[in-house]
Amino acid sequence: MRYLVTGGAGFIGSNTVDELVRRGHSVVVLDDLSGGKEENLAEVRNKITFIKGTITDIEIIRRAIFEADYVIHLAARTSVPFSMKDPIETNRINIDGTLNVLVAARDARVKRVVFAASSSAYGETPTLPKTENMQPQPISPYGVTKYVGELYAQTFGRCFGLENVCLRYFNIFGPRQDPSSPYSGVMAKFCTAFLEETEPVIFGDGTQSRDFTYVSNAVQANLLACEAPRASGGVFNIGTGMRVNLNEVVEALGAISGKPLKARYDPPRDGDIRDSQADITHARAVLGYEPTVGLEEGLQRTFDWYRATQAAKTEAKS
Ligand code: UD2
């Protein structure tokens, strides 16, 4: 099968591409390298087609999608705080870009589009865990853009018969998540803080909780979503079904690294959800999704990866 992975040089994208290549599929990556890095594709570079380009340019998507069976659409500006600072740019990439991908996919008559949606769509709906039949109430522009992406994907199914599956990822973490931007995910930030023995910074009191989900589970979901019968038009939570708070994460990393560190507490971040936890019953039933790597093992693997990467960089410099 031939797959187009938008955002395929990014964190979740490159992990997905690795697995597709491992399974012998043909892969085209479209990525503008704004968040992704070519080095994320180093191991598969000579087995895939890489096109540098943005999803805001429909002509480049049309080139990349040529003869694709499936599209896994991950390219996005993925940050709640960035969207608070620049909602227009977030809208341009996440909504206009997604619409371009859908139009190109419709015209190319692909078998299905899998869209990376987000748990941020739920916003402050009070009930935990979150089920897909709750009315989304996003509290950040980012959450709005991800929810609109779902609506567009589903509407393309109804209007044009384009098969689509939306996966609401719950705080995916793991190797290759970029720690270097002020908008980076908290796990990447905390892991590097522990490696560098600097203070991990917590926004708020650290009791906010997340369903932190190791990346291999998201990769599994992406692949299942392409082919699962009766999944088209569906929205699925992709998480672990558990949740932990940030204070507990800091404690766990202290144990893993052998260096217990005290966090610094800064004011809470605007647009943040307090608690998040997935009900994954629907994904289990329809996609056959089952998380295989839990938080503890995921954290260990992730910390080991940052440590090995840092050691390799230090060695390369000397
Ligand atoms: C949201 C979505 C997630 C995904 C992601 C994309 C929710 C519940 N989750 O993640 O599914 O779409 O966006 O990027 O909406 N924090 C610190 N210190 C730091 C960095 C963050 O305390 O150095 C806090 C932050 O204030 C928040 C928590 O950690 O309370 C998680 O933040 P994040 O940016 O890793 O992810 P989040 O929940 O915005």
Side-chain angles (χ1 to χ4, degrees), residues 5 7-23 35-44 72 74 78 116 118-119 167 169-181 184-198 200 202 209-224 237-261 263 276-278 280 283 289-316:
V5 184
F11 155 52
I12 303 176
S14 63
N15 280 288
T16 302
V17 170
D18 281 355
E19 183 59 22
L20 288 170
V21 169
R22 207 183 60 75
R23 294 187 188 190
K37 294 186 199 125
E38 269 187 285
E39 69 186 62
N40 287 343
L41 297 169
E43 287 154 35
V44 293
I72 302 179
L74 306 169
T78 52
S118 166
S119 61
L167 301 177
Y169 296 146
F170 279 67
N171 288 76
I172 313 300
F173 74 98
R176 300 188 190 143
Q177 190 173 25
D178 179 13
S180 65
S181 135
S184 297
V186 70
M187 288 298 210
K189 289 245 174 242
F190 280 4
C191 282
T192 44
F194 272 88
L195 271 175
E196 290 160 7
E197 294 186 52
T198 54
I202 292 182
S209 62
R210 294 289 182 273
D211 185 341
F212 288 110
T213 304
Y214 187 67
V215 65
S216 64
N217 301 316
V219 170
Q220 180 206 140
N222 285 339
L223 271 57
L224 288 168
N237 290 339
I238 301 301
T240 67
M242 321 282 274
R243 71 190 163 98
V244 290
N245 73 37
L246 294 187
N247 292 324
E248 291 166 328
V249 172
V250 167
E251 210 175 295
L253 279 170
I256 287 172
S257 65
K259 299 172 228 156
L261 294 179
S276 179
Q277 182 181 5
I280 55 174
Y289 165 77
E290 193 58 54
T292 52
V293 178
L295 176 68
E296 211 174 309
E297 188 187 341
L299 253 187
Q300 180 75 56
R301 286 194 200 181
T302 305
F303 185 77
D304 290 348
W305 182 85
Y306 283 109
R307 182 158 48 196
T309 306
Q310 198 188 55
K313 278 190 184 144
T314 315
E315 199 171 307

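Small disclaimer: the values here were computed from a predicted structure and weren't measured.
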Heavy atoms, side chains only, cut-off 4.5 Å: are [X] and [Y] in contact?
X	Y	result
Leu261	Val250	no
Val44	Arg22	no
Arg176	Trp305	yes
Glu19	Leu223	yes
Ser257	Leu195	no
Leu299	Phe212	no
Val244	Ser209	no
Tyr306	Gln177	yes

Residues two or more places apart in sequence or in another chain: which of them pass side chain to side chain donor-acceptor pair (under 3.5 Å) with [X]?
X	value
Glu248	none
Ser119	none
Glu297	Arg301

If you compare all heavy atoms of [X] against all heavy atoms of [Y], which two are closest, and at what distance to 0.1 Å?
X	Y	result
Ala283	Ile238	CB-CD1, 3.9 Å
Gly298	Val293	N-CG1, 3.6 Å
Gly8	Val17	O-CG2, 3.8 Å
Val215	Pro175	CG1-CD, 4.2 Å
Leu74	Ala116	CD2-CB, 3.6 Å
Phe194	Pro200	CE1-CG, 3.9 Å

Would you find a donor on one side and an acceptor on the other, under 3.5 Å apart, between the side chain of [X] and the backbone of [Y]?
X	Y	value
Lys259	Leu253	no
Asp211	Gly241	yes
Glu38	Ala9	no
Tyr289	Asn217	no

*Do Gln300 and Asp304 meet the criterion of a side-chain donor-acceptor pair at a distance under 3.5 Å?*
yes

*When you check the side-chain N and O atoms of Asp178 and Ser184, is any donor under 3.5 Å from an acceptor?*
no

Using 0.5 Å steps for rounding, measure from the [atom1] atom of [X] to the [atom2] atom of [Y].
X	Y	atom1	atom2	answer
Arg210	Leu295	CZ	CG	14.0 Å
Glu290	Thr240	CD	OG1	11.0 Å
Ile172	Phe11	CD1	CZ	7.0 Å
Thr302	Ile256	OG1	CD1	8.5 Å
Ser14	Glu43	OG	CD	9.0 Å
Phe303	Thr192	CZ	OG1	9.5 Å

*asked:* So for atom CD, which belongs to Glu296, do other residues, nucleotides or ligands contribute more than 12 heavy atoms lying within a distance under 6.0 Å?
replied: no

*Hey, is CD on Glu251 packed in by over 12 heavy atoms from elsewhere, all under 6.0 Å?*
no

*Taking Tyr169 as the fixed residue, which of Asn222, Asn237, Thr213, Thr78 is the one that meets the side-chain contact (heavy atoms from CB on, under 4.5 Å) rule?*
Asn222

